Trainee: 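Here it is, the structure in full.
On a predicted model such as this, the values are computed, not experimentally measured, just so you know. So you know, we letter chains A, B, ... as the sequences are listed, proteins then strands, and number each from 1.
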Amino acid sequence: GTKEEGQDAEKEKDSKKTDAVFKIGAIPDQNAADLNRSMGELADYLSKETGFQVEYVPSVDYAALVTAFERGEIQLAWFGGLTGVQARSLVPEAEAIAQRPMDKEFHSVYIANSETAITKLEDVKGKSFTFGSESSTSGHLMPRYFMEQAGISPDKDLNGAPNFSGSHDKTYKLVESGAFQAGALNEQVWKSAIDEKLVDTNKVKVIHTTPAYFDYNWTINDVSEKFGNDAKDKVKQALLSINGEQEEIMSLFGSDSFIETNNDNYKAIEEVAKELKIIK
Amino acid sequence: MKKTLSYPKKKRSFTFVTFSVLSVFCLLAASWGYIFIAENASFFGLFTEENYLFAKKFLSSLAGIGDNDPAFTNKESWIHALKLTYETLQMSVMAAGFATVTALLTVIPADRNVADGTLTLSKRWYRWILFWIIRGIYVFSRAIPELVWAMVIVFILKPGILPGALALALHNFGILGKLFAEIIEDIDMKPIRNLASSGASNAQILFYGVIPAVMPKFLTYILYRWEVIMRTSIIVGFVGAGGLGQQFKLSMSFFNYTDITLILICYLILVAIADAISEGFRRAAR
Amino acid sequence: MSESIIKMNNIAKHFERKIALSSLSFIINKGEHIALIGPSGAGKSTLLNILAGITNADSGEYLLDGKSIVNYQKRNIRSRKIGVIRQQFDLIASLPVIQNVLAGKLGEWGFFKSLISLLFPIEKETAARALNQVGLLDKMYEQTSRLSGGEQQRVALARLLVQNPEVILADEPVASLDPARAEDILSLMTELVKDKKQTLIVSLHSVEYAKKYFSRIIALRDGEIFFDLPSEHVTDSLLANLYALKGEAKDG
Amino acid sequence: MSESIIKMNNIAKHFERKIALSSLSFIINKGEHIALIGPSGAGKSTLLNILAGITNADSGEYLLDGKSIVNYQKRNIRSRKIGVIRQQFDLIASLPVIQNVLAGKLGEWGFFKSLISLLFPIEKETAARALNQVGLLDKMYEQTSRLSGGEQQRVALARLLVQNPEVILADEPVASLDPARAEDILSLMTELVKDKKQTLIVSLHSVEYAKKYFSRIIALRDGEIFFDLPSEHVTDSLLANLYALKGEAKDG
Amino acid sequence: MGKFLYFLTYYKKSLLTLLLILIFVWSLFSVQWNADLLHPGGGVTTKQIFQALLAPDLSPEILILALESTWITLVYAVAGMSIAIILAFFFGILASGVLSTSRFNLFAVSGFFRGILGFTRAIHELVWAWLFVAAIGLSPFAAVFALGIPYGGILGKIFADMLNDIPEEPIKALETAGASKLQTLLYGYLPLVRANIISYVMYRFECSVRSSAIMSFVGLGGLGYQIQLSLSDLQYDEVWTFLFFLIALVVLIDAWSNLLRKRMVL
Ligand SMILES: Nc1ncnc2c1ncn2[C@@H]1O[C@H](COP(=O)(O)OP(=O)(O)OP(=O)(O)O)[C@@H](O)[C@H]1O
Ligand SMILES: Nc1ncnc2c1ncn2[C@@H]1O[C@H](COP(=O)(O)OP(=O)(O)OP(=O)(O)O)[C@@H](O)[C@H]1O
Ligand SMILES: [Mg+2]
Ligand SMILES: [Mg+2]
């Protein structure tokens, strides 16, 4: 019964002698309203499972979330590949603990407005183009990397400097409205937009999909001091035990479960970022 | 002569001024109360060792300690930053220019003394309508911060100097328009009436009476606003409207602290130059 | 030669509840020199403004050169009849002297002529002649604000010379000058005006000057004519009555 | 009772290249009433400022009550000896009348007393008595800026009554008032001063008033004493010479 | 040569104005003026934005949210201004040098404090905000300080200038009545600048409301935060609702300060 669980949670809290709030955050790469709702529910779920008082802290900016994480104001954060690397280099004790199955083989898609004659990646030369946030892996880092691999320099070969829309949702909306002729975004956001009919596929089309790379992950801060030595494992277990039952939460993530991951999976991203001189 | 005088009692009445003073105190109490109670902010909580360490770490990163190639000792970074500085300067001048031109074009009907006919010494019914419309536009454009204008304009124009300049101009257009209108409203009417009595027409009054009287003040305000625009130019860049600000935002996202320092140095130089130039112009115009 | 140029009939004027002028009537002939005196708030400035056509009277009739003042609505026509001079505040301080003098021509010039003249003064000759007459030829291109009070008053006089109206009105033209300069301006003014047979109406605070430079004195008090006499008939007891206090508290 | 209070010996003062006062000497006795006259720029204000200790002379000796003025560096000590009154701009227009009057006590009060008095006027009695003497008791709590020019001049006078110095200096105290009000202030001033045997030194533009209200006249011209005579010995020809122009062009 | 100098002085103002116009024209050359400036889809977006302007989102949730954010914006502005006024009062008096007794003091002290005021206002409040957030975290105090410091600089400078511009006669008169430096401050300087400084503070208060609104761009709450969220979802109708609340707040303060200026006697 729920009542018993509640009491258990109470007891556990007492035994830890902690009234500190366990704060979680997420990079604001999608529709803010959806993010607020799902993350709020995730926070409730984690409270129940771990006995901590979990709270979601919204953030308006990728870099702001990384800074808050660095300052210890956020205990657990849903980062992209690049922001995760940034965060873990600022907080050496931090650890990537979980990711979605799809994050092992993540893709970005390049999209174009249907009224343009763009059909393949090479065609975006001379067109107006928008990335997502400059800190995004799937919205900026990897698309930029693969464009350069294809011989297109985003800073020179496009029509004007590339724009940074700030989020994946905004990217496809801007391309759909015609504000930009082409753009790049996270494949998962794109797919769920199509599923939920948020985007009109008569107006936007996919022109290219990148090869696979590691992306999003849950990174946990150094929490042992405030929440006990077993806190990290508890949170990890809670995340990994999410299954089809928590549909509401997982709909945002476009998946039905999380799997284990570790810091080493993200070495490749770090290399790419260094190559593109985005981190030193 | 030690006779006591019956002197008048001080009269106390509840005026608008007393009302304002009371409202200010209520607002102050409510605001600080809200910050301390509802937002549960603790002032002394700021002075923790943790905060000290972060502040120290942050400042030493800015100073480039532990960075073997800080941007401000790197020639290439300087060249790039100076190019952006130059762009920012152009952006601010363009913004001030646009704002001035549009404000000058609209200011005459936006004066109360034109609308009620005291300046022109003649009345027209439609002048009040025009007055309220233009004043409304001024309020609208100045109430919206530059940054918000910039966020909207980058949807319409490609990233670069122009959207930044336009965003700054849109905001300052309202401010300059209001200031200009107030200057003309405060104009000394005696010389104007005298011009009228020596037979000048409305247009002649404008050129011989109004413009010479207000021009020095207009110039002062334009230069003063230009200084402010200079300071604000970095802000519109945050949302992609070009110049130093855009680079500032990117460096922040990539945690390139020394790059940020370099940009801040350029920014301060720019502001100092703007102050000096505008002060010089004001002196010369005196 | 007692041809009348100004006729005032029952002129009245009030501001909100304050009566500034109540039912004034008088006639002024061409070429007369008249001083207007009276205590503060007597209505001198108000009367001069009505004479100049700057303010309209509430009631009464005002004939200028035989025609009602309403026939002089067009400023450039009126400016050939009537010119006004006050204290130095009347000049555009930020313009050079020459422009302030040439402003006396605006009534004759069209729009473009006056615009061009603002950059490249035309009719310099006229301005120079007038400035010479008031002894300021060397300050022609000076900024007006840099001139002393007495000099500014002369510039205003030069503008009037250029404008050359039939009637000249002056409201306390020497109030802020020291005695020597005040007398200098007054004598210059009456001198210049005599040459052209212009009519001169001047308000003054100093009875001394009024008697010395003007042939006829009109005294106002509380918006009414207190007396209207040739200067030599104005006695000290009349003057004492004119300025008698009604208790300081009432003024201001 | 011809005890001297002010002794000036070869006092000189110049501003940049302009000589404002050159080698002035005179003695003033306790209780004398002196008018200072002379054309614009003669140095009247400069002399009064030196007398007040606001400006320091470049050279020469100035003894106040037998001691050199350097002994009066402390303002609150000096303020008991000398008080100054000028035109209305001497008052703080945004304060109520009573505060402006009580400012005459600042030399006696400490900082906190004056701070408190700004909120809750102390020594109201003193202020009321002074205001009563100048006939302004009913305007005690009025904003000073709302008073007329003549009334403001009286407030300044009331401040001096509160300050109660031995010597009173006044620089053109009636320049901007109409004749009636001007005479009113001058007679009030000389009256009040007589009661307390105070010394009075007043600069004036009007020779008429100087003769009427003062027993001794000191005339300045170009920074030098032009004459220093009892009023009845001042002749019209002396005055004409005093104010004679040297050509307008030189002033400014 | 003499003639040339003459020409220069006579046309000085016209020449300066001409120079300013030329500088403006120079700045125009930094942009390639052609249709390329516009996004291919810029027209469409403009239309959408204007349509939203005519039909702002007036649903109750949005209105309540807007009201709440307006309050937070106002709170930060008021708190920031109160810090600014305290800073400006002390620094302004010191920077004006009205209390200095010697010439050396005047230059050293007022120079020093003018320098400080200059530095604090040279940096835009949003940059201060970012510096504070980085240093002390996302505390409301970061927003309050970020507003208070540059505004203190601006107000302090104006305050100092006003104190310096005061006609010296009333002050001299007080001094001859025996007032000390501090007493001339109480009875002379402060009452004389009161009306001007209050109306300037009111004007700056209006500006601080706008600044407070954009503080959210470093993650501090308020109207700007909501505007940013709505913009990132391209909900232009919500954006306009929030903007109208901001405009209303500004207009209200403007009206208040106008009334106050009219009622306040000098
Ligand atoms: N625009 C106005 N509004 C209200 N009252 C006015 C106005 N102009 C003048 N008055 C009042 O009308 C009366 C006459 O004023 P006027 O200026 O004509 O006097 P004056 O004789 O010129 O006085 P002064 O010698 O002080 O210049 C005064 O009581 C004055 O207060
Ligand atoms: N602060 C100053 N700087 C330079 N010159 C000054 C200054 N004060 C006075 N002067 C000059 O000193 C001379 C004497 O001035 P002062 O003010 O004493 O004359 P005044 O007799 O009071 O004249 P007025 O009747 O116009 O008030 C004048 O030529 C004046 O220009
Ligand atoms: Mg008058
Ligand atoms: Mg003087």
Side-chain angles (χ1 to χ4, degrees), chain B residues 15-17 20 27-28 30-32 34-35 39 41 43 45-46 51 54-55 58-59 87 89-94 96-97 100 139-140 142-145 147-148 151-152 155-158 160-162 165 215-216 219 222 231-232 234-235 238-239 248 252 264 267-268 271-272 275 281 284-285, chain E residues 12-13 16-17 20-21 23-28 30-31 36-39 42-43 45-46 49 71-72 74-79 82 118 121-124 126-127 130 134-137 139-141 144 210-211 213-214 217 224 227-228 231 239 243 246-247 249-251 254 256 259-260 263-264:
Chain B
T15 59
F16 184 73
V17 178
S20 300
L27 258 182
L28 277 177
S31 300
W32 284 108
Y34 183 84
I35 286 177
E39 302 221 325
F43 181 70
L46 293 179
N51 267 342
F54 278 117
F58 166 69
L59 289 177
E87 269 182 19
L89 184 68
Q90 278 182 319
M91 176 162 99
S92 70
V93 170
M94 204 191 298
T100 306
V139 170
F140 183 78
R142 100 190 132 90
I144 298 180
L147 187 59
V148 176
M151 287 168 56
V152 173
F155 284 177
I156 299 168
L157 293 173
K158 284 180 194 160
I161 299 182
L162 188 64
M215 216 47 212
L219 269 182
I222 293 166
R231 275 183 251 283
T232 323
I234 196 168
I235 298 309
F238 280 19
V239 293
F248 185 82
M252 263 164 68
L264 282 180
Y267 169 61
L268 280 178
V271 170
D275 275 11
F281 264 104
Chain E
K12 191 170 80 180
K13 273 187 202 143
L16 279 177
T17 315
L20 287 179
I21 293 173
I23 294 176
F24 172 50
V25 171
W26 158 77
S27 78
L28 294 181
S30 62
V31 173
D36 250 13
L37 287 171
L38 220 65
H39 282 313
T45 316
T46 316
I49 292 174
W71 168 243
I72 293 177
L74 184 66
V75 161
Y76 286 163
V78 170
S82 50
R121 69 177 199 284
I123 298 178
H124 193 274
L126 206 50
V127 179
W130 172 78
I136 63 175
S139 151
F141 287 110
V144 174
R210 282 193 295 264
S211 298
I214 59 171
F217 291 84
I227 291 173
Q228 199 181 15
L231 259 180
V239 172
L243 281 180
L246 182 59
I247 292 171
L249 192 57
V250 166
V251 168
D254 193 30
W256 184 15
L259 262 179
L260 198 61
R263 299 292 169 88
M264 222 168 23

Trainee: Look at E:Leu231, E:Ile227, E:Thr17, E:Val239 and state which one has the largest set of heavy-atom pairs under 4.5 Å with chain B.
Mentor: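 Option with the greatest count: E:Leu231.
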
Trainee: For chain B, which candidate among E:Leu259, E:Leu243, E:Leu28 shows the most heavy-atom pairs at distances under 4.5 Å?
Mentor: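 Option with the greatest count: E:Leu259.
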
Trainee: In terms of heavy-atom proximity below 4.5 Å to chain B, should E:Val250 be classed as side chain, backbone, both, or neither?
Mentor: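 Contact with chain B involves the side chain of E:Val250 alone.
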
Trainee: Looking only at heavy atoms, which two atoms of B:Ser31 and E:Val75 are closest? And how far apart?
Mentor: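 Shortest heavy-atom contact: O-CG1, 3.6 Å.
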
Trainee: Please look at B:Leu264 and chain E and tell me whether the side chain, the backbone, both or neither of the residue comes under 4.5 angstrom of a heavy atom of that chain.
Mentor: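 Only the side chain of B:Leu264 comes within 4.5 Å of chain E.
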
Trainee: Any side-chain heavy atom of B:Asp275 within less than 4.5 Å of one from E:Arg121?
Mentor: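 In contact.
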
Trainee: With chain B as the partner, which of E:Val127, E:Val25, E:Val251, E:Leu249 has the greatest number of non-hydrogen pairs under 4.5 Å?
Mentor: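 Most pairs with chain B among the choices: E:Val127.
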
Trainee: As an exercise: rank B:Val148, B:Thr232, B:Ile222, B:Leu59 by heavy-atom pairs under 4.5 Å with chain E and give me the winner.
Mentor: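 Highest number of pairs under 4.5 Å: B:Thr232.
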
Trainee: Check E:Arg210 against B:Arg142 and note the closest heavy-atom contact, atom names and distance.
Mentor: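 Closest approach of E:Arg210 to B:Arg142, heavy atoms only: NH1-O, 2.9 Å.
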
Trainee: For a quick test of reading the model, state the closest non-hydrogen atom pair linking E:His124 to B:Arg231 and the distance between them.
Mentor: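 Answer, listing the atom of E:His124 first, then B:Arg231: CB-O, 3.7 Å.
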
Trainee: Would you say the side chain of E:Ile72 lies within less than 4.5 Å of the side chain of B:Tyr34, judging by non-hydrogen atoms?
Mentor: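 Result yes, sub-4.5 Å side-chain heavy-atom pair found.
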
Trainee: Distance from B:Ile234 atom CD1 to E:Ile123 atom CD1, nearest 0.5 Å?
Mentor: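 Answer for the CD1-CD1 pair, B:Ile234 versus E:Ile123, is 9.0 Å.
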
Trainee: Where does B:Val93 contact chain E at under 4.5 Å (heavy atoms): side chain, backbone, both or neither?
Mentor: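 When you check distances to chain E, atoms from both the backbone and side chain of B:Val93 fall under 4.5 Å.
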
Trainee: What pair of heavy atoms forms the shortest contact from E:Ala79 to B:Trp32, and how long is it?
Mentor: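 So the minimum-distance heavy-atom pair works out to O-CZ2, 3.5 Å.
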
Trainee: What part of E:Val144 lies closer than 4.5 angstrom to a heavy atom of chain B: side chain, backbone, both or neither?
Mentor: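 Just the side chain, heavy atoms under 4.5 Å.
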
Trainee: Any non-hydrogen side-chain atom of E:Leu20 less than 4.5 Å from a side-chain atom of B:Thr100?
Mentor: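 No. Closest side-chain heavy atoms not under 4.5 Å.
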
Trainee: Can you tell me how far the CD1 atom of E:Ile49 sits from the CD1 atom of B:Ile156, to the nearest 0.5 Å?
Mentor: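 Reported to 0.5 Å precision, the distance equals 4.0 Å.
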
Trainee: For the CD1 atom of B:Ile144 and the CG atom of E:Leu246, what is their distance to the nearest 0.5 Å?
Mentor: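 Spacing of CD1 (B:Ile144) from CG (E:Leu246) equals 7.5 Å.
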
Trainee: Side chain from CB out, backbone as N, CA, C, O: work out which of these in B:Leu219 comes under 4.5 Å of a heavy atom of chain E, or both, or neither.
Mentor: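 Just its side chain gets close to chain E.
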
Trainee: Nearest 0.5 angstrom please: E:Phe24 CZ to B:Gln90 CD, how far?
Mentor: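 Spacing of CZ (E:Phe24) from CD (B:Gln90) equals 12.0 Å.
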
Trainee: Which value, rounded to the nearest 0.5 Å, describes the distance between E:Leu126 atom CG and B:Phe248 atom CZ?
Mentor: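 That separation rounds to 8.5 Å.
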
Trainee: Is E:Trp26 close to chain B through its backbone or its side chain, or both, or neither, when contacts mean heavy atoms under 4.5 Å?
Mentor: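 Contact with chain B is through both the backbone and side chain of E:Trp26.
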
Trainee: So what's closer than 4.5 Å to chain E heavy atoms on B:Ala30: side chain, backbone, both or neither?
Mentor: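 Answer is both: backbone and side chain atoms of B:Ala30 are under 4.5 Å from chain E.
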
Trainee: Side chain, backbone, both or neither: which part of B:Ile235 has a heavy atom under 4.5 Å from chain E?
Mentor: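 For B:Ile235, side-chain heavy atoms alone lie under 4.5 Å from chain E.
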
